[in-house]
Peer 1: 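Here's a structure for you.
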There are 2 protein chains.
Amino acid sequence: MNKKNRVTSYDVAHAAGVSQSAVSRVYRPGVSVSKKTREKVLKAAEELGYKPNAIARMLINQSTGMIAVIISSRANVNFPEVLAQLNKHIAEKNKRVLLFTLDDAEQLETVIEQILAYQVDGVVALTAHFEPDSVTQFAKHNIPVVLYNRELPDHSVSSVCCNHDQGLRMLVDILVSHHHQHFLIMAGPKDSDVARARLSGARNALLSHGFTDTNVVYGDYSYDSARECLSAYAEKNALPTAIICANDTMAIGAIDEIRENLNLRVPEDISVVGFDGISASSWHSYQLTTVSQPTYFMTKAAVETLVNLIESPDIPPETRYWPGKLIEGNSVAAAPRDNE
Amino acid sequence: MNKKNRVTSYDVAHAAGVSQSAVSRVYRPGVSVSKKTREKVLKAAEELGYKPNAIARMLINQSTGMIAVIISSRANVNFPEVLAQLNKHIAEKNKRVLLFTLDDAEQLETVIEQILAYQVDGVVALTAHFEPDSVTQFAKHNIPVVLYNRELPDHSVSSVCCNHDQGLRMLVDILVSHHHQHFLIMAGPKDSDVARARLSGARNALLSHGFTDTNVVYGDYSYDSARECLSAYAEKNALPTAIICANDTMAIGAIDEIRENLNLRVPEDISVVGFDGISASSWHSYQLTTVSQPTYFMTKAAVETLVNLIESPDIPPETRYWPGKLIEGNSVAAAPRDNE
DNA sequence: ATAATAATTGCATTCGAAGTCATTCTTATG
DNA sequence: CATAAGAATGACTTCGAATGCAATTATTAT
């Protein structure tokens, strides 16, 4: 035993009266070991409490079985769910999640250094603060990367994304079919890719119905920011009949602001739609019409894409879009008549 | 360069015309290297794109710098926040989070094997399914463990817990000071330690005011379960004037059930209190009176306790309690008069 | 200039498991 | 019973960085 009291394959070999190679072979599948040796080794291992040292194994195998997952702590609300599911799918592939937080651009260099040092097999990036240059660094070191809900302009890196355009089109179609003509877009933070994608999705959908130049206010995905920016908007502008929010949390904030401070009703006076399908969106007080992301399938796809890349690095980068699922709540009604 | 194209310290040494030891020393703080050598090495490293291999370093250092964090995916709602904060504090200690999910007792053995194999420096357990026996296994291998919001009966392992007793006492005191006499406790899942602690906290607090045998219904921490179990209870029992819920999400479910199906008002007819201080608890429709856990301090304490244990394994196990913080919302009012 | 001391440097070994290769032991076959 | 074919085994090397130790060079004091 060494200083740290760790039982090594040599200790087991000694106790079992065999060589270290024999011990190693017992723990590798598909290698020929006689039944007698195997039993001796397992018995000794059991008695000593031996567990193969994964670190040593990583060194010789040139593969760590670790996947770096990069998150930003102030990400969109459904990240916990996404993280838990990612972790599950990664565990099923017999790999582990090594977690990194990236909150601002400053930390970028440090985090990348660390990820490279840890020799991870691959990277899943859930964060906004992740420049194309950084991705290049991983490429240089032959580390496959999959982006989650984010795509590079040149699609040089594999991505798994919810189809925000399609989701927003469904929401806008519903609003338009309810005769709405006066819209407000409540967008998410300008530095978030998802927020940008949803904003442009909303604009495109409105454009296709002939609505140009829709007003936009910007929040930061939070309930409070939604209330503040709507309240500020209402002071200087005529109210819209429909608000398209970048996520459910802001939609809920908007609804509360409309009811409490603007003294109007949702959906009778103003219709509100969200995006994400968080559990609060179905609560009785809100019953949001929203689009939910198929996170189960998206996380599964992300892990599969990554594992394939790890096994065959030459697979060209692929972008997979998943359609959102419309959830019709009770936050959309026919637009009030203009002269009302 | 080796097969995987990795640049090693030997490559750098060769390029810089020095020995491998010299390269190694450049990357170790507090070791004497001449300015000339350092510059040569750094220049060569830069050109080749060398990053020290953390795996090799772990092997020789007998320390991985990795902390295993065990979560269960269906844990209490605030786990994402807790996980993000834990990760942050761990990163500040210059260590990494290796994530494990433990959803049921079956996986226990596998997860423990993995954790031991990965030679983590320590373990933070956030999960319910974690028997005292398992903790012993880590002790055998000299791996420090800190439990989060969970304590062992014999306190043989360090824990960081929110003081649920104190929190529930504050909540019950408020209800009693509003003249409530008829209570219902809406408890969390029976297999959760936190849920049990909150249940017993509520019972103790009520007892101290002379209320014995308060009725209890059990939910699973979710909004839907709260609505269901309250609805079932209401069919067969007289309604209480105050409901003490094991967490905010269930409190919100209870409020919606009261308003929508029991056609009563909160707080005028029935008062409701929750626990956790999730963001939704302050939303206008609910404005819960609740107790928030000081997760920032708790996670910081957990990491500090663990790091201390890693550095000095002989520190005896310690249980640290953090008081919850009362948030007075608008979900508690004076009890309606009995003959109303 | 020279001795004495301090600062650098390289060699060789270590961490623990896995795999190559040569050798020994089985087993089956003629 | 001899022998070829196959299975099982152990000695030794590898992965990449860190470090004790001895040797070398630089610095300071005399």
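If you're wondering where the values come from, they're calculated on a predicted model, not measured in any experiment. A note on names: the letters A, B, ... follow the listed sequences, proteins ahead of strands, and every chain is numbered from 1. Below, each value reflects all heavy atoms present in this structure, side chains not excepted, and no hydrogens, waters or symmetry copies.
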Peer 1: Looking at every strand, decide which applies to A/Val18 at a 4.0 Å heavy-atom threshold: base, sugar-phosphate, or nothing.
Peer 2: sugar-phosphate
Peer 1: Could you state the atom-to-atom distance from OH of B/Tyr118 to P of C/dA17 in whole Å?
Peer 2: 15 Å
Peer 1: Taking CE from B/Met58 and P from D/dT19, how many angstroms apart are they, rounded to a whole number?
Peer 2: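 Interatomic distance, CE of B/Met58 to P of D/dT19: 15 Å.
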Peer 1: Give a yes/no answer on whether the side chain of B/Tyr50 brings an N or O atom under 4.0 Å of OP1 or OP2 in D/dA17.
Peer 2: yes
Peer 1: Could you tell me whether B/Glu47 and B/Lys43 make a salt bridge, using a distance below 4.0 angstrom between a side-chain N and a carboxylate O?
Peer 2: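 Salt bridge present between B/Glu47 and B/Lys43.
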Peer 1: Using atom CD of A/Glu39 as one end and atom P of D/dA8 as the other, report the distance to the nearest whole Å.
Peer 2: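 For the pair A/Glu39 CD and D/dA8 P, the rounded distance is 13 Å.
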Peer 1: Roughly, in whole Å, what's the span from CG in B/Leu59 to P in D/dA18?
Peer 2: 12 Å
Peer 1: Taking any heavy-atom pair under 4.0 Å as a contact, classify A/Arg25: base, sugar-phosphate, or nothing.
Peer 2: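 The residue A/Arg25 makes base contact.
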Peer 1: Nearest whole Å is fine: how far is D/dC15 C1' from B/Asp11 CG?
Peer 2: 13 Å
Peer 1: Exactly one of A/Ile310, A/Leu306, A/Val120 should register a side-chain contact (heavy atoms from CB on, under 4.5 Å) with A/Lys95. Which one does?
Peer 2: A/Ile310
Peer 1: Please evaluate the base of C/dC11 for a donor-acceptor partner in the side chain of B/Ser21 within a cut-off of under 3.5 Å?
Peer 2: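 In this structure, the two groups form a donor-acceptor pair.
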Peer 1: Has the side chain of B/Thr299 got a donor or acceptor atom that lies under 3.5 Å from a matching backbone atom of B/Tyr296?
Peer 2: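 Indeed, once roles are kept as given, a pair shorter than 3.5 Å links the two residues.
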Peer 1: Measure distances between side-chain N and O atoms of A/Gln20 and base N and O atoms of D/dA11, and say whether any donor-acceptor pair falls under 3.5 Å.
Peer 2: no
Peer 1: Tell me the interatomic distance from A/Arg57, atom CZ, to C/dA17, atom C1', rounded to whole angstroms.
Peer 2: 7 Å
Peer 1: From the set C/dT9, C/dA18, D/dT9, return the single nucleotide nearest to any side-chain atom of B/Ser34.
Peer 2: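 For the B/Ser34 side chain, the nearest candidate turns out to be C/dT9.
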Peer 1: If you define the side chain from C-beta out and look only at heavy atoms, does anything of B/Thr64 sit under 4.5 Å from B/Asp121?
Peer 2: yes
Peer 1: Given atom CD1 of B/Ile55 and atom C1' of D/dA18, what is their separation to the nearest angstrom?
Peer 2: 15 Å
Peer 1: Indicate yes or no: at least one non-hydrogen side-chain atom of B/Val69 is less than 4.5 angstrom from one of A/Leu99.
Peer 2: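 No - every pair of side-chain heavy atoms lies 4.5 Å or more apart.
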Peer 1: Among C/dA17, C/dG10, D/dT19, which nucleotide has an atom closest to any side-chain atom of B/Ala22?
Peer 2: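 For B/Ala22, the side-chain atoms sit closest to C/dG10.
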Peer 1: By nearest atom, which of the nucleotides D/dA18, C/dG19, C/dA17 is closest to the A/Arg28 side chain?
Peer 2: C/dG19
Peer 1: What is the distance from CG of B/Asn61 to P of D/dA17, rounded to the nearest Å?
Peer 2: 12 Å
Peer 1: Would you say D/dG10 has OP1 or OP2 under 4.0 Å from some side-chain N or O of A/Ser19?
Peer 2: yes
